[in-house]
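Computation of the quantities below employed the complete heavy-atom set of this structure, encompassing side-chain atoms and omitting hydrogens, waters and symmetry-equivalent molecules. It should be emphasised that the depicted structure is a prediction, and the values quoted were computed from it without experimental measurement. Order of listing sets the numbers, starting from 1, for every ligand and every atom in it.
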Amino acid sequence: MSLLNENRQHGDPGIEHEPLHQDVPAGPTHESPLQRDHATTIFEKGAPGRRAFQCPDMDVPVVEGLIPEGFRRKSPARLPEVSEPELVRHYVRVSKRNYDLDSGFYPLGSCTMKHNPRLHERVAALPGHARLHPMQRPEHAQGALELMHNLEHALGEVAGLPHVSLQPSAGSHGELLGVLLTRAYHESRGERRVKVLTPDTAHGTNPATVTMAGFEVVRVATNDQGGVDVDDLRAKADDQVACLMLTNPNTLGIFDPNIEEIAKIVHDVGGTLYYDGANLNAVMGISRPGDMGFDIVHYNLHKSFTQPHGGGGPGAGPIAVSDRLAPFLPKPVVRRNDDGTYDLDHDLPQSVGRLRGFQGNYGVFVRSYAYICSLGAEGLKDASETAVLNANYLLARLRELDTENRIPLAFGELCMHEFVLSGAPMKKELGIRTLDLAKRLLDHGYHPPTVYFPLLVDEALLMEPTETETKETLDAFAESMAAILIEAADDPSIAQNAPYTTPVRRLDEAGAAKRPVIRQPL
Ligand SMILES: *Cc1c(COP(=O)(O)O)cnc(C)c1O
């Protein structure tokens with residue numbers, strides 16, 4: 001604590017405290033031409049005819065009528081006309097206005113923002129991977145099919161379930177597939193079940209998926225320890241239940257010790273068990289959902305298996321299933337023939353069909369396979385253990401520094417790979433909300449943790465440090481958190497008006513999400 005006070009006296013080196021209030025102008029009041037230029041889109045830059053690169057004239061004869069009349073463009077496409085330096089500067093500048101994992105600590109809970117090794121980029125960029133055409137015939141894509149086959153096998157080992165489909169493009173897409181498989185399974189037995197049970201700690205995509213697939217969401221309560229309320233589950237489990245969707249450890253970062261009993265209750269009423277594997281980073285190589293009795297698991301390759309993520313970039317949410325659900329998997333599936341060659345098998349009469357075009361996001365598979373190969377089974381286990389250790393270390397540091405207990409742990413004493421604090425006492429005693437704390441963290445150079453999720457914790461702060469952060473980073477982050485609390489005790493308006501050092505200040509976040517303006521100016 002004395003260290004923190006000392007830092008404060010010295011004015012927190014590296015942190016800009018001026019200007020503190022929004023009504024204090026940050027600099028000259030009029031915009032300079034350069035500032036105006038920085039605020040323009042690429043379409044507003046350049047001049048007609050200006051080019052970054054000029055392609056040689058085409059020397060291939062034009063075949064008339066190759067493109068049907070109705071598909072032909074009448075006027076040239078409107079594209080930016082800029083020089084190469086304008087182009088480079090524009091995008092480099094835009095990229096610097098964002099916060100990214102390569103710039104700093106990103107403890108966004110439930111997202112597993114771990115470091116993405118550069119080796120994987122090298123491997124994914126090899127021409128044999130990067131230039132592979134999605135229409136390539138299987139006999140000309142043997143290496144890619146082998147990689148997919150091996151990845152399926154490795155993922156199946158991690159989950160403890162034998163049949164894997166790589167098709168889904170995201171965790172939520174995997175969830176959708178899992179629910180569709182569940183329906184196909186029940187229908188094949190002449191049953192039509194309408195309910196899917198999900199705990200109230202579930203990630204928002206779980207109830208959204210269930211609703212989208214046409215099932216009814218039935219919420220199961222959470223007990224005092226942060227696990228499933230088994231009595232509530234028993235009361236709600238009946239022969240209308242198609243499936244239970246659960247993540248373990250859940251989004252409170254708590255591993256449910258009653259998992260075998262939970263599995264039995266659902267199996268006894270004939271339902272399937274779906275394991276949301278987005279939180280696999282805590283248990284890879286240690287415990288396997290298949291061994292706990294689960295029938296379906298999805299993985300987030302863009303979380304646990306190091307595909308860079310965020311900003312809507314490509315991801316992958318493969319799923320693994322038990323024998324009873326295998327006949328319904330999407331087609332085609334990768335098959336290894338007896339002679340060691342690979343093929344795509346379309347002959348699956350009970351398949352739910354295709355989930356997307358082609359075989360999935362192949363570049364993601366390459367990165368995740370590289371990760372699994374470079375770590376090995378022991379390495380994956382080590383990654384999980386370190387993720388859990390790091391989360392508990394950060395938790396312990398925060399508990400130690402938060403002497404007034406303003407952001408207590410919401411449930412339990414220890415955690416798995418992530419933990420949830422409640423900012424409710426902070427709000428009551430210091431007058432700053434979780435949102436204010438999160439915004440102030442930006443001035444300290446950190447991406448804030450997840451806020452206001454899970455919904456059942458008042459003023460929630462969900463943190464996941466991951467295994468790839470050092471002790472120094474975790475210590476510095478904990479000290480920043482403590483410094484913000486001390487600062488707020490002095491003057492809450494500082495956090496209330498944060499951030500001060502970012503390219504933009506407080507935004508209308510709901511408005512930005514609900515009414516985004518993403519069109520180029522006409
Ligand atoms: C991230 C996450 C999902 C959804 O995954 P997407 O790839 O974002 O669709 C589902 N459940 C949990 C617990 C998650 O953390």
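- The pair K439-E509 meets the salt-bridge criterion, since a charged nitrogen lies less than 4.0 angstrom from a carboxylate oxygen.
- Of the charged side-chain nitrogens involved, at least one lies within less than 4.0 Å of a carboxylate oxygen, so that R118 and D102 count as a salt-bridged pair.
- Under the 30°/60° scheme for interplanar angles, the aromatic rings of H447 and Y106 are found to lie parallel.
- With distances taken over non-hydrogen atoms, the option nearest atom 4 (C) of ligand 1 out of T112, N279, T205 is T205.
- For the residue pair T247/N279, the side-chain donor-acceptor check at 3.5 Å is satisfied.
- Taking distance alone, with nitrogen or oxygen atoms compared against 3.5 Å, G171 approaches ligand 1 more closely than that limit.
- Counted within 6.0 Å of CD on E260, heavy atoms from surrounding residues, nucleotides or ligands total 12 or fewer; the atom is thus considered open.
- In terms of polar-atom proximity, K303 is counted as a contact of ligand 1, with an N or O under 3.5 Å from an N or O of the ligand.
- Remark: ligand 1 atoms within the under-4.0 Å shell around heavy atoms of E175 are 10 (C), 11 (N).
- Near A170, meaning under 4.0 Å from any of its heavy atoms, are these atoms of ligand 1: 7 (O), 9 (O).
- Looking at atom 9 (O) of ligand 1, its nearest protein heavy atom turns out to be S172 OG, 2.7 Å.
- Between the side chains of S188 and Q350, no donor N or O sits under 3.5 Å from an acceptor N or O.
- Here E121 pairs with R367 in a salt bridge; the nearest charged N to carboxylate O distance falls below 4.0 Å.
- Shown in contact with A278 at under 4.0 Å from a heavy atom are these atoms of ligand 1, numbered in order with element: 2 (C), 11 (N), 12 (C), 13 (C), 14 (C), 15 (O).
- Close N/O approach between T251 and ligand 1 is not found [any backbone or side-chain N/O within under 3.5 Å].
- In terms of N/O distances under 3.5 Å, ligand 1 is not approached by H173.
- If you check each of L280, D276, N281 against atom 11 (N) of ligand 1, the one with the closest non-hydrogen atom is D276.
- Here's the thing with T247: none of its N/O atoms is less than 3.5 angstrom from an N/O atom of ligand 1.
- Inspection of the E467 and N281 side chains reveals an N or O donor paired with an N or O acceptor under 3.5 Å.
- Close approach to N300 involves these atoms of ligand 1, each under 4.0 Å from a residue heavy atom: 1 (C), 5 (O), 6 (P), 7 (O).
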